[in-house]
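Everything below concerns the one structure shown next.
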Amino acid sequence: MKFDYPLKTIDDYESITGSEALNRIRMKAKPLEKRNVVHVNSTYYGGGVAEILSVLTLLMNSLGIKTEWRLIQGSPDFFGITKKMHNALQGRPNEINEMEKRIYESTIYENSVRKKLDHDFVVIHDPQPLPLIHYFEKKGPWIWRCHIDLSSPNRTVWQYLKPYICYYDAMIVSIREFRKKIHVPQRLFMPAIDPFSLKNRPLSEEEIKKQLENHGIPTDLPLIVQISRFDRWKDPLGVIKAFKQARKQVDATLVLLGNAAMDDPEGEQVFESLLMHRQERIIIISHENSLLVNALQRKAAVVLQKSIREGFGLTVSEALWKGTPVIGGRVGGIRYQIRDGENGFLVSSIRDAADRIVLLLKDEALRSQMSKRGREIVQDQFLMSRLVEQYLDLFNSFETVFRIKK
Ligand code: UDP
């Protein structure tokens, strides 16, 4: 039977990256044809990991590498504990008590009973499924891909997780500041965006207008936008404060759009804590809608990503790709996407963020200069074809070590 649903394929990228890059990618995929790979994480939606896996797995399949995507299941208790772990790895002084460790470990053990992971390559994302490696006989390399900002983790939580990580054959982090002293080879892969997704594809003025109207977003004043899971690390309150300060000098509307992720139980609480700040010019929306994300990132005069900690921050590249300057927290992967003063600004305080909002809103010429530069930087560095190639290089580097049967 023939299906008329066009799948994402690596060939789509030829129009952007050129044929030389594509041929190189196809060549690197050849030795891996018919190999099977599985990615395991803890949510199908909400957050950057799901965003990346939804396209990466299809592109890998289009290259002839059988690539699956599996989820671990867990109760709200489990995800409460793993969120605490996530917060601790990003530097909060949370401790995980013995009871919590038991719930974490037993949930992963239960998951191992339900799963068959006998692939040539197993890629485990983030700490939630990390202990799975304990319960399987390795058929090939197991890789731990950590998307979190590991620059200053809570020591006890790190020490608790480290023995699991040591079983892995490689660890991937986003930037060099997140590398750890550990006897596991470490690779640096920065995340990347899919320019053809609903979220990033071109939109007509008409489509943008429709999306904004449907959500009651006024366009009579310039839009300042932050799009993020409702998470304290993304500093939504700092964004509201910066906006209020900036508004003493320039007129604008702030839109905070957020969504929830299955593995982040704190979202609702953070969302509710923001609601008291709603006003005519401060719009706070909790809604899962990729076209709305796209429309807002395009229509915004300035996008903010004022994180306090950030693994990478895909929203920065998404906005830059659409030609919108970004003001981002001077942390984690944001510093690798924003070139201060070229395609946006890096800030370390609410005051800085407010000043930069004022500067950008007053200077249209600067915005348009940054717009061009932003898109170029994403085209050069942050498109999914680059990430695909890095995975291929990594998998190929194991071929000799593991001598996987051809
Ligand atoms: N996102 C979304 N809707 C929202 C908020 C976020 O689709 O209301 C998407 C956003 O566009 C990006 C991803 O979720 O693709 C967030 O990834 P990022 O790396 O910025 O942060 P994470 O949530 O992984 O910490």
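Order of appearance sets the numbers: ligands from 1, and atoms from 1 within every ligand.
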Counting only heavy atoms closer than 4.0 Å, does ligand 1 sit against the backbone of Glu318, its side chain, both, or neither? side chain
Quick one: are the ring centres of His39 and Tyr391 less than 6.0 Å apart? yes
Between the side chains of Asp263 and Tyr44, does any donor sit under 3.5 Å from an acceptor? no
For ligand 1, which atoms, with element, lie under 4.0 Å from some heavy atom of Ile227? 4 (C), 5 (C), 6 (C)
For Gly313, the ligand 1 atoms whose distance to one of its heavy atoms is below 4.0 Å: 19 (O), 20 (O)
Going by the 4.0 angstrom heavy-atom rule, the piece of Val293 near ligand 1 is side chain
Heavy-atom contact check, 4.0 Å cutoff: does Lys234 meet ligand 1? yes
For atom 7 (O) of ligand 1, which protein heavy atom lies nearest, and how many Å away is it? Lys199 NZ, 2.8 Å
Pair Gln337-Ser317, side-chain donor/acceptor within less than 3.5 Å: yes
If you scan protein heavy atoms around atom 19 (O) of ligand 1, the nearest is Leu314 N, 2.9 Å
Report yes if Thr315 has an N/O atom closer than 3.5 Å to an N/O atom of ligand 1; otherwise report no. yes
Applying a strict 4.0 Å limit to heavy atoms, is Ser290 in contact with ligand 1? no
One should read off an interatomic distance between Gln249 CD and Lys362 NZ, to the nearest 0.5 angstrom, of 5.0 Å
Is there a donor in the side chain of Ser174 and an acceptor in the side chain of Arg145, or the other way round, less than 3.5 Å apart? yes
Check each of Glu14, Glu20, Glu389 against Arg26 using the salt bridge (Lys or Arg N to Asp or Glu O under 4.0 Å) test, and report the only one that passes. Glu14
Could you pull out the closest heavy-atom pair between Val184 and Cys166, with the gap in Å? CG2-CA, 3.8 Å
For atom 14 (O) of ligand 1, what's the nearest protein heavy atom and its distance? Gly47 N, 3.7 Å
Any His287 heavy atom less than 4.0 Å from ligand 1: yes
Protein contact to atom 8 (O) of ligand 1 [nearest heavy atom, distance to 0.1 Å]: Gly258 C, 3.0 Å
Ring-ring centroid check Phe312 Tyr336, cutoff 6.0 Å: no
Assess the pair Tyr164 and Trp144: is the distance between their ring centroids shorter than 6.0 Å? no
What atoms of ligand 1 come within less than 4.0 Å of a heavy atom belonging to Leu257? 8 (O)
Is there a donor in the side chain of Asn294 and an acceptor in the side chain of Gln211, or the other way round, less than 3.5 Å apart? no
Between Gly267, Gly48, Gly311, flag the one that comes closest to atom 24 (O) of ligand 1 by a heavy atom. Gly48
Just to be sure I read this right, does ligand 1 sit under 4.0 Å from the backbone of Ser228, its side chain, both, or neither, counting only heavy atoms? backbone
Between the side chains of Asn154 and Thr156, does any donor sit under 3.5 Å from an acceptor? yes
Identify the closest protein heavy atom to atom 23 (O) of ligand 1: which residue and atom is it, and at what distance? Arg229 NE, 2.7 Å
For atom 3 (N) of ligand 1, grab the closest protein heavy atom and report residue, atom and distance to one decimal in Å. Asn259 ND2, 3.3 Å
